[in-house]
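First comes the structure, then the notes that go with it.
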Amino acid sequence: MKRIICLLAAAFLLTGISLYAKPRIRIIATGGTIAGVSTSPVSTAYSAGQVGIQSLIEAVPQLPLLADISGEQLVNIGSQDMNDAVWLKLAGRINELLNEEDYDGVVVTHGTDTMEETAYFLNLTVKSDKPVILAGSMRPSNAISADGPANLYNAVAAAVSPACRGVGVLCCMNNQLLDAKAVIKTHTIDCDTFEGGPSGIIGYIYNGEAHMLQTPNNRHTFRSVFDVSGLEKLPEVGIVYGYANASALPIKAFADAGFDGIVLAGVGDGNFYKDVFDVAVKAQENGIQIVRSSRCPTGPTCLNSEVDDEKYHFVASLDLNPQKARILLMLALTRTHDWREIQEYFKEY
Ligand code: ASP
């Protein structure tokens with residue numbers, strides 16, 4: 001009898017502890033201005049990726065109120081140096097943390113220059129519905145009114161929120177939550193630099209709580225077919241910028257180098273100069289997949305508009321800007337070389 005009472009008491013205690021246990025959140029640091037240091041608190045001259053994960057955590061003593069926090073350093077770079085190898089490592093590590101080590105959510109600290117690309121890559125390759133939130137800053141860690149600590153606090157608040165589950169990878173900047181597919185960096189230096197395209201922000205953080213305004217309707221994370229586990233490299237895809245009287249040299253260089261795909265950051269609705277067009281047609285005939293996108297900051301690149309995509313077997317990027325179209329094309333090429341199937345991916349993801 002005594003033993004039963006003891007067992008019941010222990011079970012009761014354990015249930016109580018787990019009810020009150022804080023969510024376990026892992027912060028993966030990759031560098032960026034949030035980890036940057038400037039020569040003086042008022043100077044714009046600084047280097048990204050200088051301080052480590054422990055300093056980032058210590059700069060926000062309120063984090064333990066939100067979650068059981070731990071961190072690790074994956075790389076410490078300016079995100080202008082982000083590359084496919086780090087993406088593969090990052091996706092693998094997040095999948096491990098969420099699916100094998102039972103963390104409740106992951107926050108990735110990251111430079112803002114390519115944050116939208118990393119967010120979209122993870123949106124297609126993380127296999128979990130748990131929150132994955134990217135945060136960075138526009139001011140270095142020792143600047144007056146550095147925005148990093150508040151962004152990190154908000155990102156952790158998002159990572160512990162059930163409202164941020166199942167909505168794909170989010171960026172948390174300037175009190176706003178932005179979804180990985182739509183988010184774009186729009187200003188070179190302002191703190192209010194990220195926007196969510198035509199659909200706007202997806203939610204906001206207020207008083208340490210996430211409030212969602214809408215849900216993305218594209219496929220992502222736990223519903224994505226793309227699996228990069230076991231991949232050591234990604235197909236090679238380059239971006240060619242469009243402009244009046246454009247030289248065909250860059251597209252020729254990619255084609256001659258044997259790239260697997262080329263994204264055209266075209267003018268208007270994904271149009272490009274005739275010399276570039278001729279090389280693109282040949283490249284497509286030679287098995288290099290061409291995706292038309294646009295240098296315009298807003299609006300879709302429509303299928304079969306001024307360019308007859310069906311005739312040339314080009315793919316239209318639809319809502320994806322060139323840098324995100326590159327990511328989807330790389331992942332699509334890990335599964336198929338059929339332009340119709342690739343176009344379907346652009347409709348779904
Ligand atoms: N160049 C920096 C980076 O992307 C800018 C930033 O983080 O805001 O790492």
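Numbering of ligands and ligand atoms starts at 1, following listing order. The figures that follow rest on heavy atoms only: side chains count, while hydrogens, waters and symmetry mates do not.
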- Please report which non-hydrogen protein atom sits nearest to atom 5 (C) of ligand 1, along with the residue it belongs to and the distance in Å to one decimal place.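 Going atom by atom, the protein heavy atom closest to atom 5 (C) of ligand 1 ends up being Thr33 OG1, 3.1 Å.
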- Message: Considering non-hydrogen atoms of the protein only, which is the closest contact for atom 1 (N) of ligand 1, and what is the distance?
- Response: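 So the nearest neighbour among protein heavy atoms is Asp113 OD2, 2.8 Å.
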- Salt bridge between Lys282 and Glu285, side-chain N to carboxylate O under 4.0 Å?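 No, Lys282 and Glu285 are not salt-bridged.
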- Item | Electrostatic pair Lys22-Asp68, nearest N-O below 4.0 angstrom |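 Result for this pair is no, no salt bridge flagged.
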- Under the side-chain contact (heavy atoms from CB on, under 4.5 Å) rule, collect the residues that match up with Pro300, sequence neighbours excluded.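 Testing Pro300 for side-chain contact (heavy atoms from CB on, under 4.5 Å), a comparison that skips the adjacent residues, returns Cys302, Asp319.
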- Identified salt bridge (charged side-chain N to carboxylate O under 4.0 Å, His left out) counterpart of Glu101 within the set Arg93, Arg24, Arg26: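 Exactly one option meets the salt bridge (charged side-chain N to carboxylate O under 4.0 Å, His left out) with Glu101, and it is Arg93.
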Using a plain distance cutoff, I'd like to know if [X] has any nitrogen or oxygen under 3.5 Å from a nitrogen or oxygen of ligand 1.
X	value
Ser79	yes
His110	no
Lys185	no

Quick check on contacts: which atoms of ligand 1 are under 4.0 angstrom from a heavy atom of [X]?
X	value
Ser137	6 (C), 7 (O), 8 (O)
Gly78	9 (O)
Tyr46	5 (C)
Gln80	1 (N), 2 (C), 3 (C), 4 (O), 9 (O)

- Item | Nearest neighbour of atom 8 (O) of ligand 1 from the list Ile77, Thr112, Thr114, Thr188, on a heavy-atom basis |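 Shortest heavy-atom distance from atom 8 (O) of ligand 1: Thr112.
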- Message: For a 4.5 angstrom cut-off between non-hydrogen side-chain atoms, does Lys127 reach Ser224?
- Response: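 SC-SC contact between Lys127 and Ser224 confirmed.
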- Task: With Leu333 as reference, evaluate Met330, His337, Arg335 under the side-chain contact (heavy atoms from CB on, under 4.5 Å) test and give the passing residue.
- Result: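 Testing each of Met330, His337, Arg335 against Leu333, the sole residue satisfying side-chain contact (heavy atoms from CB on, under 4.5 Å) is His337.
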- Query: With a cutoff of under 4.5 Å between side-chain heavy atoms, which Ile, Leu, Val, Met, Phe, Trp and Tyr residues group with Val240?
  - Reply: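 Reading the cluster by chain and number, Val240 sits alongside Ile251, Phe254, Phe259, Ile262, Leu264, Phe272, Tyr273, Val276, Phe277, Val279, Val281, Ile288, Ile290, Val307, Tyr312, Phe314.
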